[in-house]
Every structure is written in C-alpha cells, then in structure tokens.
Visitor: 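If you scroll down you'll find the structure; I have some questions about it.
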Amino acid sequence: MSEEEKKTNDEEKTIPRPEGYTIVKYAEGWTTFVVLFGGMLISPFILYLIKDVVPDRLWLFLLLYLSVFALLWGLMRKITEVKVNLKITDEGLEQIRLSGSNIYPDYRLIKWEDMNHYHLNGRSKYQNFLISVKDDTNFRITIPMLALFEKEKENWDNFAAFQDDFWGIAPEHDVHRAFFG
C-alpha cells in the first residue's frame with residue numbers, strides 16, 4: 001500500500017469531535033449480575049481446589065474469593081464501558097457511540113414527545129441519570145464512581161454540564177423531573 005493510500009485511509013477513519021457532551025458510561029446492571037453470578041459459580045470451584053487448606057488458612061480462601069470478585073468487576077467494567085456523545089437538539093436527545101462496548105447502539109434518538117420524565121440523580125444509587133421513555137428502553141447513564149480506565153474529572157465535568165443543560169431545556173418540551181417512581 002502506498003503512503004498516499006495509507007494516509008487517505010487514516011483520514012477517513014478520523015472522526016472530528018462532534019458537538020455535544022462526550023462522556024464515558026458503563027452498564028452497572030450487567031456488571032453487578034456477572035460479578036455476583038460468576039462469583040457464585042467460581043466459589044465452589046475455589047473451595048474444591050483448596051479444600052484441604054481452608055480449615056487452617058481461612059484468610060487464603062477470603063483472599064482468593066475477593067480476588068475473583070475484583071477481577072470480574074474490573075473485567076466487566078472494561079467490557080461494558082462505552083464513550084458516547086450526547087447532543088440535546090430541538091428533536092430530542094441524540095446518543096452517538098464513539099467507541100467501546102457494542103451492547104450500546106451506534107446511534108439512538110429519543111424524541112421529546114417519547115419522554116415521560118427524567119430522574120436527574122437516577123432511580124437507584126448506581127444510576128446517575130435516567131429518562132423514562134414511552135414504548136422503548138429507558139435511557140440510563142451510569143458514571144463510574146471509581147475511574148479505572150478514563151479521566152474521571154473531565155468525565156464528571158462533561159456529565160454535570162449535560163445535566164444542567166438538559167434540566168434547563170426539558171421543561172420547554174413538557175418533560176419534567178420525577179422525584180419518585
């Protein structure tokens with residue numbers, strides 16, 4: 001491949017920074033499910049391997065057990081992590097996946113008329129933002145509390161700016177904040 005062809009191909013792959021808010025989010029529900037379920041499946045195997053050692057060294061079992069959970073948690077966080085661009089438009093909220101997990105769609109548009117209400121701080125302690133959507137999957141943003149693979153301060157700043165703007169624009173389109181349910 002000539003240098004000119006290589007340069008042209010590289011330029012086509014480069015995506016200019018889109019307008020909006022670029023944040024990193026992940027699927028906390030999937031992460032929790034896999035960690036707990038995987039931990040329950042792996043625990044008997046660990047016990048079987050160290051069955052002769054456990055009565056004398058309980059600390060060894062606990063160390064192995066916690067190591068499995070930590071490894072699964074970090075792995076699932078990385079697998080479900082995605083970098084998205086959120087854009088608030090006259091039509092609604094656009095999400096464009098820039099990189100990361102394929103469990104999120106490449107593009108999603110939630111129209112204002114399809115939104116029931118939003119929870120600015122999420123409905124559970126793991127969600128940071130939730131939009132209830134009529135006849136579709138709810139829109140969730142879960143920001144990692146502990147940054148493992150991204151720049152935490154920049155991510156939280158972009159997310160806070162997104163929340164402030166969404167909170168200001170949503171009532172104009174008859175989408176209001178829900179405090180319960």
Side-chain angles (χ1 to χ4, degrees), residues 13-39 69-181:
K13 292 178 186 175
T14 304
I15 300 172
R17 182 178 171 110
E19 297 175 11
Y21 310 91
T22 302
I23 62 167
V24 176
K25 65 181 191 170
Y26 73 107
E28 176 65 34
W30 281 106
T31 300
T32 303
F33 174 74
V34 169
V35 168
L36 293 177
F37 189 69
F69 276 99
L71 180 68
L72 284 174
W73 180 75
L75 183 65
M76 284 307 297
R77 277 274 304 273
K78 189 59 182 167
I79 289 172
T80 63
E81 186 177 270
V82 66
K83 185 182 220 176
V84 296
N85 181 263
L86 302 172
K87 192 185 309 183
I88 302 169
T89 64
D90 292 335
E91 198 173 350
L93 177 65
E94 291 181 12
Q95 173 185 284
I96 301 169
R97 181 171 48 93
L98 302 176
S99 64
S101 177
N102 287 329
I103 64 172
Y104 294 95
D106 288 335
Y107 177 81
R108 183 175 182 191
L109 172 65
I110 304 170
K111 295 183 179 184
W112 291 111
E113 56 267 10
D114 294 336
M115 296 181 199
N116 285 330
H117 53 269
Y118 67 94
H119 297 269
L120 198 59
N121 297 318
R123 217 173 7 196
S124 72
K125 70 177 188 174
Y126 295 113
Q127 297 168 356
N128 299 104
F129 186 78
L130 173 73
I131 298 174
S132 294
V133 181
K134 299 174 190 169
D135 302 326
D136 199 0
T137 305
N138 291 340
F139 178 79
R140 291 175 175 84
I141 298 176
T142 304
I143 303 289
M145 295 301 283
L146 175 65
L148 296 177
F149 309 107
E150 73 279 346
K151 297 177 184 173
E152 185 175 13
K153 182 171 178 10
E154 181 180 323
N155 198 38
W156 276 101
D157 290 345
N158 286 340
F159 178 64
F162 164 74
Q163 277 187 313
D164 289 343
D165 286 349
F166 188 86
W167 191 11
I169 294 173
E172 297 172 12
H173 298 281
D174 202 30
V175 178
H176 301 283
R177 182 176 179 182
F179 291 97
F180 304 104

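Only a predicted model underlies this, so the values are computations on that prediction, with no experimental measurement involved.
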Visitor: Quick one: does Asn85's side chain have a donor or acceptor within less than 3.5 Å of a partner on Glu19's backbone?
Guide: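 Yes; judged by distance alone, with no hydrogens or angles, the pair exists.
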Visitor: Is it true that a side-chain atom of Lys83 and a backbone atom of Lys25 form a donor plus acceptor pair closer than 3.5 Å?
Guide: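 Not confirmed, Lys83 side chain does not pair with Lys25 backbone.
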Visitor: Before giving the answer on side chain to side chain contact (heavy atoms under 4.5 Å, CB included), spell out for Phe139 and Leu86 the whole-Å C-alpha distance, their side-chain angles and the decisive distance to 0.1 Å.
Guide: CA-CA 12 Å; Phe139 178 79; Leu86 302 172; 3.7 Å; yes
Visitor: Which atom names give the shortest non-hydrogen contact between Glu94 and Thr89, and what distance separates them?
Guide: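 Of all heavy-atom pairs spanning Glu94 and Thr89, the closest is OE2-CG2, 3.8 Å.
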Visitor: Taking C-beta and beyond as the side chain, do Ile143 and Asn155 meet within less than 4.5 Å on heavy atoms?
Guide: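 Yes. Closest side-chain heavy atoms under 4.5 Å.
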Visitor: Partners of Phe166 by ring pair (Phe, Tyr, Trp, His ring centres under 6.0 Å), sequence neighbours excluded?
Guide: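 Phe166 satisfies ring pair (Phe, Tyr, Trp, His ring centres under 6.0 Å) with Trp112, Tyr118, Phe129, Phe162 once adjacent residues are dropped.
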Visitor: List the steps and the verdict of side chain to side chain contact (heavy atoms under 4.5 Å, CB included) for Asp136 and Asp114.
Guide: CA-CA 9 Å; Asp136 199 0; Asp114 294 336; over 6 Å; no
Visitor: Would you name the heavy atoms of Ile79 and Ser101 that are closest together and state the gap between them?
Guide: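 Heavy-atom minimum between the residues: O-CB, 3.2 Å.
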Visitor: Looking at every non-hydrogen atom in both residues, tell me the closest pair between His119 and Ala178 and how far apart they are.
Guide: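 That closest heavy-atom pairing would be ND1-O, 3.3 Å.
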Visitor: Of the non-hydrogen atoms in Arg140 and Leu130, which two are nearest, and what is the gap between them?
Guide: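 Heavy-atom minimum between the residues: CG-CD1, 3.4 Å.
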Visitor: Before giving the answer on side chain to side chain contact (heavy atoms under 4.5 Å, CB included), spell out for Ile23 and Val84 the whole-Å C-alpha distance, their side-chain angles and the decisive distance to 0.1 Å.
Guide: CA-CA 6 Å; Ile23 62 167; Val84 296; 3.8 Å; yes
Visitor: Evaluate the criterion side-chain hydrogen bond (donor to acceptor under 3.5 Å, both in side chains) for residue pair Asn128 and Thr142; output intermediate values, then yes/no.
Guide: CA-CA 5 Å; Asn128 299 104; Thr142 304; 5.2 Å; no
